[in-house]
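Working notes for the structure below.
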Amino acid sequence: MASNTVRVRFAPSPTGYLHAGGARTALFNFLFARHHGGSFILRIEDTDRTRYEPDALADIMDSLRWLGILWDEGPEVGGPYGPYFQSERLHLYKHYAEELVRMGAAYRCYCSPERLEAMRQEQAARGEPPGYDRHCRYLTAKQIADYEAQGIVPVIRLMSPLEGETSFHDVIRGTITVDNRTLDDMVLLKSDGYPTYHLANVVDDHLMEITHIMRADEWIPSTPRHQILYKTLGWTPPIYAHLPVILDPSGKGKMSKRKKRTPDGREFPVLIREFRAAGYLPEAMFNFLALVGWSYDDKTEILTPEQIIARFDLPAVNAAPAAFSYDKLDWMNGVYIRALPAADLACRIQPVLAQAGRDVDLPTLERIVPLIQERIKTLNDAVEMTDFFFADPQGYDPRLLIGKKMTPEATLEALRRALDVLQTADFTEAGLEESLRAAAESLGMKPGDFFTPVRVAVTGKTVSPPLFGTLAILGRDRVLRRLGYALRLLSQANPTTSN
RNA sequence: GGCGCAUUCGUCUAGCGGCCUAGGACACCUCCCUCUCAAGGAGGAGAUCGGGGGUUCGAAUCCCCCAUGCGCUACCA
């Protein structure tokens, strides 16, 4: 039964941090594996030594784990098909490259980078499509001996068929066919002894018994060449599913590692670590990413990982590229935040506040959380929304104290009355509400008009969490102090009305 | 330039020949609730399915052409 077991892999190159597109690819592979009770493998394609970034691997693994995309085989977890780093499998690629040369399906190429560059320039000048001119494909034994004598280290190139066509089936797109004449002889083994993606990928997918390849659709053009490799090596190719690219929010151009900005200059997170730092929940990211290019039906959008796994299916993947909607992500993150138990949310917000230099004990935070839970879209929103719990608001515009339908005089009166009433009020939510409503009524003011100056005095802003709960948490001392400050501020701003 | 992929409300999508005078969600607008803001509830506006030809009794759904967008065209992945 082993041969029927689904085995899929996510094969990132450690040349950069994990971004949303890569995470989505990893997620789809993970979902597919879980759906079929198969294995999800993480393989590190570290064959590009010039672009290698030491921090990338740790970031990729951290990001995947944060999202809950756990691999069954790969770095740190091991597995029977290792090693899972291509840099540790060099001998394998070399072996198969040489094998292909022996079979007459590949050849050594001694062309210098300069020659290749010059060739491309000429092709461009003549308006011809670029591509290797197969100079070394037809070398004589003597020419080869000469190159070798000069000590030139060759690359190994695949001998692509000169005519006919190659096609393959894609689960999402159907059959894709290309004319072999449009294929050039790609490099399989570089002169530094490392394989290119094409060789390493095919060799490893075969050796690791990968059954399905889900990867970004930018790989479609090279898939025919991979087919040729499988065919000449006598291997059975896996089943392909090329995933649509993720476009940036404008819908023009793929969302890359490059930073994108909103029209007003706000920077969009692109890397998973950036989403994390911006206060998005991994559960929300998981749900959202699953819906980029896939959907279950025409209604359901909030789904648990279990539901997504149970329902995920390749034919339902949309072939068209999708723009990444930050608006929708924000909404979904809010949905997940609201669904969290308050204690859980408090635990998640605490480190965010700490990061902003605000230390709160958990019991206090657990009292604050219900006040802001349905008002924040990201964990980071809590920082600004709770700032007045940590410092007395100062230096705000005293005009904010004056409500829309209020005069400076009436505002001063309201503040004085509030100050008076709150000296003795019961500082519980219910007690405060009762006292303040009664105070408003005694002044003949509408509750809203009366509450506004209190709100501003206590929080420094016109928009805040519910007033009574806020006052209760702040406590009598701080509230009275802030009311006193507001009173002085407003009196100074309106000297004629002060007494 | 060549090759490839894609094309349904602003955005994400449902739709796989008749259930579509195209459904849902985000965003937007209005109203309700209401101490502000949110959340929640009720509504509204918004796509003739990129364009043009076919096939068919009937097409968003099948075929062809065009346009546009994106991708690939490296000793990068």
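Numbers restart at 1 for each chain; the letters A, B, ... are given by sequence-line order, proteins then strands.
- B/G24 and B/C9: their P atoms are spaced 16 Å apart (whole Å).
- When the nucleotides B/C35, B/A74, B/C3 are ranked by their closest atom to the side chain of A/Arg455, B/C35 comes out on top.
- A/Leu183 comes within 4.0 angstrom of nothing in the nucleic acid, heavy atoms only.
- In this structure, of B/A77, B/C70, B/C5, it is B/A77 that holds the atom nearest to the side chain of A/Tyr197.
- Proximity of A/Arg338 to the phosphate of B/G40: a side-chain N or O atom is located under 4.0 Å from OP1 or OP2.
- No engagement by A/Tyr194 is indicated, since no non-hydrogen atom pair under 4.0 Å with the nucleic acid exists.
- Rounded to whole Å, the separation between the C1' atoms of B/C70 and B/C29 comes to 34 Å.
- A close approach under 4.0 Å does not occur between any side-chain nitrogen or oxygen of A/Arg51 and OP1 or OP2 of B/A77.
- Not one side-chain nitrogen or oxygen of A/Arg43 sits closer than 4.0 Å to the OP1 or OP2 atom of B/A77.
- Nucleic acid contact for A/Gly334: none, since no nucleic acid atom lies under 4.0 Å from a heavy atom of the residue.
- Distances from the side chain of A/Trp219 to the nucleotides B/G71, B/A77, B/U73 place B/A77 closest.
- A/Arg49 places its CZ atom 16 Å from the C1' atom of B/A74, with the value rounded to the nearest Å.
- The aromatic rings of A/Trp294 and A/Phe312 sit tilted, their planes meeting at an angle between 30° and 60°.
- Here the side chain of A/Leu467 is nearest to one of B/C35, B/A77, B/C5, namely B/C35.
- If you take atom C1' in B/G18 and the same atom in B/U68, they sit 32 Å apart, rounded to whole Å.
- Looking at heavy-atom distances under 4.0 Å, A/Pro12 makes no contact with the nucleic acid at all.
- Going from atom CD of A/Glu114 over to atom P of B/A74 covers 17 Å, rounded to whole Å.
- Annotation: side chain to side chain donor-acceptor pair (under 3.5 Å) contacts involving residues 453-462 of chain A, sequence neighbours excluded, comprise A/Asp387-A/Lys461, A/Arg455-A/Ser464.
- Counting any heavy atom pair closer than 4.0 Å across all strands shown, A/Glu45 reaches sugar-phosphate atoms only and no base atom.
- RNA chain B is contacted by both A/Thr182 and A/Phe451; A/Thr182 maps to the nucleotide lying nearer its 5′ end (nearest heavy atom per residue).
- The residue among A/Gly127 and A/Val292 whose nearest nucleotide of RNA chain B lies closer to the 5′ end is A/Gly127.
- Of the listed nucleotides (B/C75, B/U36, B/G2), B/G2 has the atom at the smallest distance from the side chain of A/Pro129.
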Pair A/Tyr197, A/Trp219 - check ring pair (Phe, Tyr, Trp, His ring centres under 6.0 Å), show working. CA-CA 11 Å; A/Tyr197 171 87; A/Trp219 291 109; 3.8 Å; yes
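- Both tests hold for A/Arg157 against A/Tyr132: distance to the six-membered ring centre under 6.0 Å, angle to the ring axis within 45°.
- As rounded to the nearest Å, B/A14 and B/U7 have P atoms that lie 10 Å from one another.
- If you check every strand for non-hydrogen atoms under 4.0 Å, A/Pro447 touches nothing.
- A donor-acceptor contact closer than 3.5 angstrom is absent between the side chains of A/Thr182 and A/Asp179.
- Across all strands shown, A/Val187 has heavy atoms under 4.0 Å from sugar-phosphate atoms exclusively, and none from any base.
- If you run side-chain contact (heavy atoms from CB on, under 4.5 Å) between A/Ile337 and each of A/Ile349, A/Leu345, A/Ile372, only A/Leu345 comes through.
- At a cut-off of 3.5 angstrom, the base of B/C75 holds at least one donor-acceptor pair with the side chain of A/Ser191.
- Distance noted for atom C1' between B/G23 and B/C49: 13 Å (whole Å).
- Across B/G44 and B/C12, the matching P atoms stand 24 Å from one another, rounded to whole Å.
- Note on A/Asn180: every side-chain N or O is 4.0 Å or more away from OP1 and OP2 of B/C3.
- Residue A/Asn318 is classed as a sugar-phosphate contact, given heavy-atom separations below 4.0 Å to backbone atoms only.
- Side chains of A/Asn380 and A/Thr378: no donor on one and acceptor on the other come within 3.5 Å.
- Rounded to whole angstrom, the span from the CE atom of A/Met186 across to the P atom of B/C76 amounts to 13 Å.
- Nearest heavy-atom pair across A/Arg24 and A/Gly293 is NH1-CA, 4.2 Å.
- Per the geometry, CZ belonging to A/Arg181 stands 20 Å off P belonging to B/G1, to the nearest Å.
- Aromatic rings from A/Phe286 and A/Phe288 are positioned such that their centres are separated by 6.0 Å or more.
- Atoms CE (A/Met332) and P (B/U13) sit 12 Å apart, rounded to a whole Å.
- When distances are taken from the side chain of A/Leu116 to each of B/U7, B/A77, B/C75, the shortest belongs to B/C75.
- Rounded to whole Å, the separation between the C1' atoms of B/G2 and B/C20 comes to 41 Å.
- Side-chain contact check for A/Arg225 and A/Asn180: no donor-acceptor pair (N or O, by modelled atom type) lies under 3.5 Å.
- One finds a side-chain N or O of A/Ser295 lying less than 4.0 angstrom from the OP1 or OP2 phosphate oxygen of B/A14.
- For A/Thr47, whose side chain is taken as the heavy atoms from C-beta onward, the closest listed nucleotide among B/A77, B/A14, B/G24 is B/A77.
- The listed nucleotides are B/G4, B/C26, B/C76; the one nearest the side chain of A/Lys328 is B/C26.
- Between the P atom of B/A39 and the CG atom of A/Leu340 lies a distance of 17 Å, rounded to the nearest Å.
- For B/A45 and B/C28, the C1' atoms lie 9 Å apart once the distance is rounded to whole Å.
- Within the 4.0 Å cut-off from OP1 or OP2 of B/C76, at least one side-chain nitrogen or oxygen of A/Lys190 is found.
- Using a 4.0 Å heavy-atom cutoff across all strands shown, A/Cys111 reaches at least one base atom of the nucleic acid.
- A/Pro244 comes within contact range of no nucleotide atom at all, as no heavy-atom separation falls under 4.0 Å.
- By the 30° and 60° cut-offs, the orientation of the rings of A/Phe324 relative to A/Tyr326 is tilted.
- Near RNA chain B, meaning a heavy atom under 4.0 Å from it, residues 370-387 of chain A has A/Glu374, A/Arg375, A/Lys377 in order of number.
- If you take CG of A/Asp298 and P of B/C20, they are 12 Å apart, rounded to a whole angstrom.
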